[in-house]
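Some notes on the structure that comes next.
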Amino acid sequence: APASVTEKLIISKVGDDVSLLKPGTEVRTIGGRPWQESLQEAVRFTSGSTDRMRRNQAAKWLLPFILGTKETFKDLPIEGILNGQVVKENISRVLTLSDGNAEPPPAATGKGSINARIINGNIGYLRIDAFMGTKMDILLDQAMSRLLHTEGLLIDVRLNGGGTPVGDRVLSYLIEQEIMRYSAKIRNSDMLMAMQPLYATGFDFINGNWSEVWQYKVQPNAHGKYKKPVVVLTSAYCFSACDTFVSALKENNLAKVAGEATGGGTGSPVVFNLPYSKFKFRYSVQKGYKAVSGDLLEGVGTGVDLDISPTAQERIAEKDEQLKTAVAYLKSLMTDQPTLQFHLNSVAEENSEFERAADRQPLRSPLLEMESEILKSNFEN
């Protein structure tokens with residue numbers, strides 16, 4: 001649980017050559033240092049609009065900061081607590097070298113970032129791990145057209161770090177008239193103001209040279225509108241194009257938001273290298289605002305209607321209880337229940353097929369490898 005009082009580092013899976021550090025071990029030190037020290041160092045050099053997003057991102061870069069000490073570890077010592085007992089083990093580190101002659105991978109179409117299926121109860125499930133790909137618009141169009149006649153729709157963007165505004169394809173199926181996705185003020189440079197004086201109105205040399213507010217709007221499509229309840233499942237990793245996508249869903253009352261609050265930013269960064277440290281400096285060139293309320297999206301993010309925080313036990317068991325709880329929440333909306341009356345186990349038997357699918361997709365995986373039940377066509381051609 002990033003940036004919370006319950007933040008812990010729990011071992012959820014080990015290799016065959018690890019014997020003492022079993023799943024469930026709460027890690028205390030790595031390389032002789034409390035792991036929190038390395039995490040805090042990583043946070044200092046991590047980009048993010050909110051503390052929860054920075055800690056979420058820093059967790060992925062924890063190992064380089066642990067190994068960034070003066071001492072080089074041939075074996076990496078890890079100490080933790082398991083069942084009240086102290087356990088220690090030296091983890092062998094292996095470095096694989098590359099000759100550098102590998103061919104660059106072909107441009108991704110986006111198919112590997114989408115998982116779409118219909119689960120028991122005629123519920124649509126659309127998982128989008130990135131809004132990037134050369135044929136993402138076609139993929140999302142086909143997914144939404146196939147899911148159009150389900151009784152409820154769950155959109156899972158917990159691993160979506162953003163990309164392009166292609167999420168408009170999904171939004172277009174949920175509306176009958178034009179909506180605003182978000183609005184923004186763009187940071188003007190001296191060159192931009194010289195070349196495009198139209199954008200220089202209202203600028204302030206003292207406070208940052210921001211343009212007037214412009215609105216990003218989405219039009220409905222001609223293929224039909226999805227009229228059943230929608231829930232979007234999100235996390236602090238959701239940022240940039242994902243953040244504005246979730247914000248648009250909530251601000252325009254198109255969906256309920258479950259999971260954890262988003263990262264808090266509209267993206268559009270400028271990135272440049274610092275000359276001596278070789279670190280990169282990154283900042284957003286626009287201030288994003290929420291569509292209806294007009295509140296800042298930058299540095300705030302989109303809150304949830306139902307908070308579903310993962311637990312260490314779920315991670316250890318590789319069970320996606322967030323997903324099952326979100327399904328139960330969606331079902332409560334489908335039956336028009338004013339209050340939530342469900343238990344995690346109440347959907348276990350009914351959604352056994354869906355559970356098996358969820359168990360095959362642990363959240364630590366960067367992209368899904370699972371073949372879609374619906375998107376079976378090969379769009380590469």
- Query: Hey, does L233 have a side-chain heavy atom less than 4.5 Å from the side chain of L323?
  - Reply: yes
- Task: State plainly whether the residues K290 and E298 are in salt-bridge range, i.e. N to O under 4.0 Å.
- Result: no
- Query: Yes or no on side chain to side chain contact (heavy atoms under 4.5 Å, CB included) for Y329 and D305, after CA distance, side-chain angles and deciding distance?
  - Reply: CA-CA 10 Å; Y329 180 41; D305 298 294; 3.7 Å; yes
- Got a donor-acceptor contact below 3.5 angstrom from the S172 side chain to the Q219 backbone? no
- Message: Could you walk me through whether E89 and K22 satisfy the salt bridge (Lys or Arg N to Asp or Glu O under 4.0 Å) test, starting with their C-alpha distance in whole Å, then the side-chain angles of each, then the deciding distance to 0.1 Å, before giving a yes or no?
- Response: CA-CA 10 Å; E89 189 160 1; K22 300 181 182 300; over 6 Å; no
- Output the distance between atom CE (M53) and atom OG1 (T262), rounded to the nearest 0.5 Å. 9.0 Å
- Do R146 side-chain atoms and R117 backbone N/O form a donor-acceptor pair below 3.5 Å? no
- Query: So, for G24 and L82, which heavy atoms are closest and what is the spacing to 0.1 Å?
  - Reply: C-CD1, 3.9 Å
- Message: Applying a strict under-4.5 Å side-chain criterion to I, L, V, M, F, W and Y, I'd like to know whether L153 and L171 cluster together.
- Response: yes
- Is S240 reaching over with its side chain to a backbone N or O of G162, donor-acceptor style, under 3.5 angstrom? no
- Message: Between Y237 and N160, is there a side-chain donor-acceptor contact under 3.5 Å, judged purely by atom types and distance?
- Response: no
- Task: Would you confirm whether N56, through its side chain, and R52, through its main-chain N or O, come within 3.5 Å as a donor-acceptor pair?
- Result: no
- Task: Under the side chain to side chain donor-acceptor pair (under 3.5 Å) rule, what do Y125 and D156 come out as? Steps first, then yes or no, please.
- Result: CA-CA 8 Å; Y125 174 70; D156 188 347; 2.9 Å; yes
- Query: So, for S49 and G265, which heavy atoms are closest and what is the spacing to 0.1 Å?
  - Reply: OG-CA, 3.8 Å
- Message: To the nearest 0.5 Å, what is the distance between CG on L9 and CD1 on I78?
- Response: 8.5 Å
- Considering all heavy atoms of both residues, which atom of I308 and which atom of Q322 are nearest to each other, and what is their separation? O-NE2, 2.8 Å
- Task: Please say whether more than 12 non-hydrogen atoms of neighbouring residues, nucleotides or ligands are located less than 6.0 Å from CG in N83.
- Result: no
- Which value, rounded to the nearest 0.5 Å, describes the distance between L139 atom CG and L126 atom CG? 10.5 Å
- Query: Are side-chain heavy atoms of V87 and I81 found at a separation under 4.5 Å?
  - Reply: no
- side chain to side chain contact (heavy atoms under 4.5 Å, CB included) evaluation trace for W214 with Q286: CA-CA 11 Å; W214 64 275; Q286 65 176 353; 3.6 Å; yes
- Verdict with supporting geometry, E321 and K324, salt bridge (Lys or Arg N to Asp or Glu O under 4.0 Å): CA-CA 5 Å; E321 298 294 343; K324 288 191 285 185; 3.1 Å; yes
- Item | Side-chain heavy-atom pair V300, T50 within 4.5 angstrom cut-off | no
- Looking at T266, T244, D168, which hits side chain to side chain donor-acceptor pair (under 3.5 Å) with Y216? D168
- Do the side chain of D243 and the main chain of G264 share a donor and acceptor less than 3.5 angstrom apart? yes
- Measure across A258 and V304 and return the closest heavy-atom pair with its distance rounded to 0.1 Å. C-CG1, 4.1 Å
- Check against side chain to side chain contact (heavy atoms under 4.5 Å, CB included), E79 and V86: CA-CA 7 Å; E79 178 180 313; V86 175; 3.9 Å; yes
- Task: Inspect the contact between K228 and E151 and indicate whether a charged nitrogen and a carboxylate oxygen are less than 4.0 angstrom apart.
- Result: yes
- Query: Is it the case that one hydrophobic cluster holds both L274 and V271, taking links as side-chain heavy atoms less than 4.5 Å apart, direct or via other members?
  - Reply: no
- Does L174 share a hydrophobic cluster with I118, counting links as ILVMFWY side-chain heavy atoms below 4.5 Å and allowing steps through other members? yes
- Euclidean distance, C238 SG relative to R158 CZ, rounded to 0.5 Å: 12.0 Å
- Task: Return yes if a side-chain donor-acceptor contact under 3.5 Å exists between N122 and T150, otherwise no.
- Result: no
- Take R127 and D129 through the test salt bridge (Lys or Arg N to Asp or Glu O under 4.0 Å) and record every step on the way to the result. CA-CA 6 Å; R127 179 166 178 168; D129 284 349; 3.1 Å; yes
- What about I128 and V246, same hydrophobic cluster or not, with Ile/Leu/Val/Met/Phe/Trp/Tyr joined at side-chain heavy-atom distances under 4.5 Å? yes
- Is K88 atom NZ crowded by more than 12 heavy atoms from other residues, nucleotides or ligands, each under 6.0 Å away? no
- Note on the structure: Correct closest heavy-atom pair for R181 and A248 would be O-CB, 3.7 Å
- Query: Of the non-hydrogen atoms in A59 and L39, which two are nearest, and what is the gap between them?
  - Reply: N-CD1, 3.8 Å
- Steps toward side chain to side chain contact (heavy atoms under 4.5 Å, CB included) verdict (I155, V230): CA-CA 8 Å; I155 305 174; V230 180; 3.9 Å; yes
- Hey, do the aromatic rings of Y289 and Y182 have their centres closer than 6.0 Å? no
- Item | T25 (side chain) donor-acceptor with G80 (main chain) under 3.5 angstrom | no
- With no hydrogens and no angle check, is any side-chain donor or acceptor of E260 less than 3.5 Å from a backbone partner on S309? no
- Item | Heavy-atom neighbours of H223 NE2 exceed 12 at 6.0 Å | yes
- Task: Answer yes or no: are there more than 12 heavy-atom neighbours, outside K250 itself, under 6.0 Å from its atom NZ?
- Result: yes
- Is it true that a side-chain atom of T29 and a backbone atom of G32 form a donor plus acceptor pair closer than 3.5 Å? no
- N/O donor-acceptor pair under 3.5 Å between E251 side chain and V292 backbone: yes
- Message: Under a 3.5 Å distance rule, please check whether W35 uses its side chain to pair with a backbone N or O of V27 as donor and acceptor.
- Response: yes
- Item | Between NZ on residue K111 and CD1 on residue I138, distance to nearest 0.5 Å | 12.5 Å
- Between K217 and E178, is there a side-chain N and carboxylate O pair less than 4.0 Å apart? yes
- Task: Using only heavy-atom distances, determine whether the side chains of Q36 and R28 contain a donor-acceptor pair under 3.5 Å.
- Result: no
- Non-hydrogen side-chain atoms of P165 and F131 separated by less than 4.5 Å: no
- Query: Tell me, do K227 and E176 make a side-chain contact under 4.5 Å, heavy atoms counted?
  - Reply: yes
- Message: Could you see if V157 belongs to whatever hydrophobic cluster contains M132? Use Ile, Leu, Val, Met, Phe, Trp, Tyr and a side-chain cutoff under 4.5 Å.
- Response: no
- CD1 of I179 to CG of N253: how many Å apart, nearest 0.5 Å? 10.5 Å
- Task: Using distance alone, with no hydrogens and no angle criterion, decide if Y173 and D141 have a side-chain donor and acceptor under 3.5 Å apart.
- Result: yes
